[in-house]
Amino acid sequence: MTAPKRNIKSLALEELKTLLAELGCKPFRAGQLFAWIYSRGAQSFDEMTNIAKAERTLLASRFDLASLSLRRQELSSDGTRKFLFELEDGHTVESVLIPEEDRQTLCISSQVGCAQACRFCITGGGGFQRNLKAYEIADQVVIVEKFLAGGKKYSPETRSITNIVLMGMGEPLANFDEVVKALAIITGEPGLGFSTRRVTLSTAGLVPEIEKLGRSGVKVNLAVSLNATTDEVRDRIMPVNKRYPIKALLAACRHYPLEPRRRITFEYVMLHGVNDSTEDALRLTKLLRGIKAKINLIPYNPSPGSEFKRPPDAAVKRFQHILQEHDYTALVRESRGRDISAACGQLREREAKAEK
Ligand code: SAH
């Protein structure tokens with residue numbers, strides 16, 4: 001009986017080195033394979049032409065390269081592109097590519113669904129299905145990059161994607177080990193080789209995991225979805241706050257080991273009449289005191305039948321102005337790709353409806 005093949009992509013570089021040594025392969029082979037898989041997006045051992053045919057056959061008898069597959073992509077009128085992936089078990093996840101003047105950011109998913117149940121987020125409304133594997137997270141980047149290269153070879157030098165944000169479906173810190181493994185692939189050499197300055201992990205505020213991330217030595221940027229300035233409001237819109245209230249969350253942020261010249265990004269979804277008052281803005285300036293912070297204000301992106309409203313532009317401006325007067329960097333980040341359901345909080349909504 002032959003042993004079942006292992007998915008080579010489920011292995012971290014060190015694990016792969018050990019397994020390859022047992023097969024009698026050369027020590028540098030693991031790095032070479034990583035480069036083929038992640039830097040060049042190889043989908044079969046046959047493409048790996050600098051490895052002898054006999055060894056390729058041996059590898060193909062022990063390992064496979066299965067992954068997610070691109071099922072569909074859609075282009076929004078504002079240039080945002082949404083990618084729908086199908087996983088081996090039939091689940092689907094999405095990534096969104098957001099072109100800006102000086103960068104192209106890919107927003108990737110870390111879970112199928114999400115257990116956090118934030119009241120304003122469609123993914124949260126659909127419940128949690130499963131965690132993504134590290135390779136399912138990293139391959140969203142590889143496959144989109146291959147799509148953008150249009151059949152041409154790509155390399156880290158000719159790459160189109162400049163920034164990665166873990167802000168798609170799911171709560172990355174609830175899938176800690178696989179996310180950390182994926183970040184090692186995304187920022188590693190061999191691997192995708194992104195600078196840690198260009199990769200951001202966004203969390204709803206899982207305090208023990210924020211502390212664990214700080215201790216882990218992973219150096220990507222941290223973003224925290226704060227979204228409220230009182231526990232009363234945050235309890236209501238983000239159930240995670242009942243476990244980790246604002247004070248505990250901000251204490252973890254205050255102690256988070258930041259690299260020089262880095263700051264924590266605080267995301268603040270603005271919900272009209274809920275968290276967009278002058279008092280909220282003033283409370284926010286006090287809460288963040290002593291934290292190296294910048295603030296991204298995201299006017300709520302409504303979906304049909306939702307209970308919340310987007311604040312008038314004047315309220316958003318006023319809120320931003322108060323933060324700036326207190327010397328905070330505060331940007332207004334508009335949700336993009338609304339016409340293709342690619343905007344914040346919208347992922348997978350249409351697909352799920354269509355399948356019903
Ligand atoms: N679970 C992680 C990452 C996914 S959500 C987190 O909570 O940070 C990414 C961001 O989108 C979060 O800041 C979230 O608050 C925001 N968001 C979710 N739904 C939204 C909506 N309908 N409008 C605007 N922003 C939304």
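Just so you know, ligand 1 is whichever comes first in the structure, and atom 1 is the first atom listed for that ligand. Because the structure is predicted, anything quoted here is derived from the model rather than measured.
- Between Lys9 and Asp64 there is no salt bridge, since none of the side-chain N atoms of the basic residue sits less than 4.0 Å from a carboxylate O of the acidic one.
- Between Arg81 and Asp78 there is no salt bridge, since no side-chain N of the basic residue sits under 4.0 Å from a carboxylate O of the acidic one.
- Between Arg215 and Glu209 there is no salt bridge, since no side-chain N of the basic residue sits under 4.0 Å from a carboxylate O of the acidic one.
- Closer than 4.0 angstrom to ligand 1 lie heavy atoms from Phe120, Cys121, Met167, Gly168, Gly170, Glu171, Ser202, Thr203, Ala204, Ser225, Asn227, Glu267, Val269, Ile298, Tyr300, Asn301, Cys344, Gly345.
- The closest donor-acceptor contact from the side chain of Lys181 to the backbone of Ser10 lies under 3.5 Å.
- In this structure, Arg159 forms a cation-pi arrangement with Phe194, its terminal cationic atom sitting closer than 6.0 Å to the ring centre and no more than 45° off the ring axis.
- With ring centers used as reference points, Phe83 lies under 6.0 Å from Phe147.
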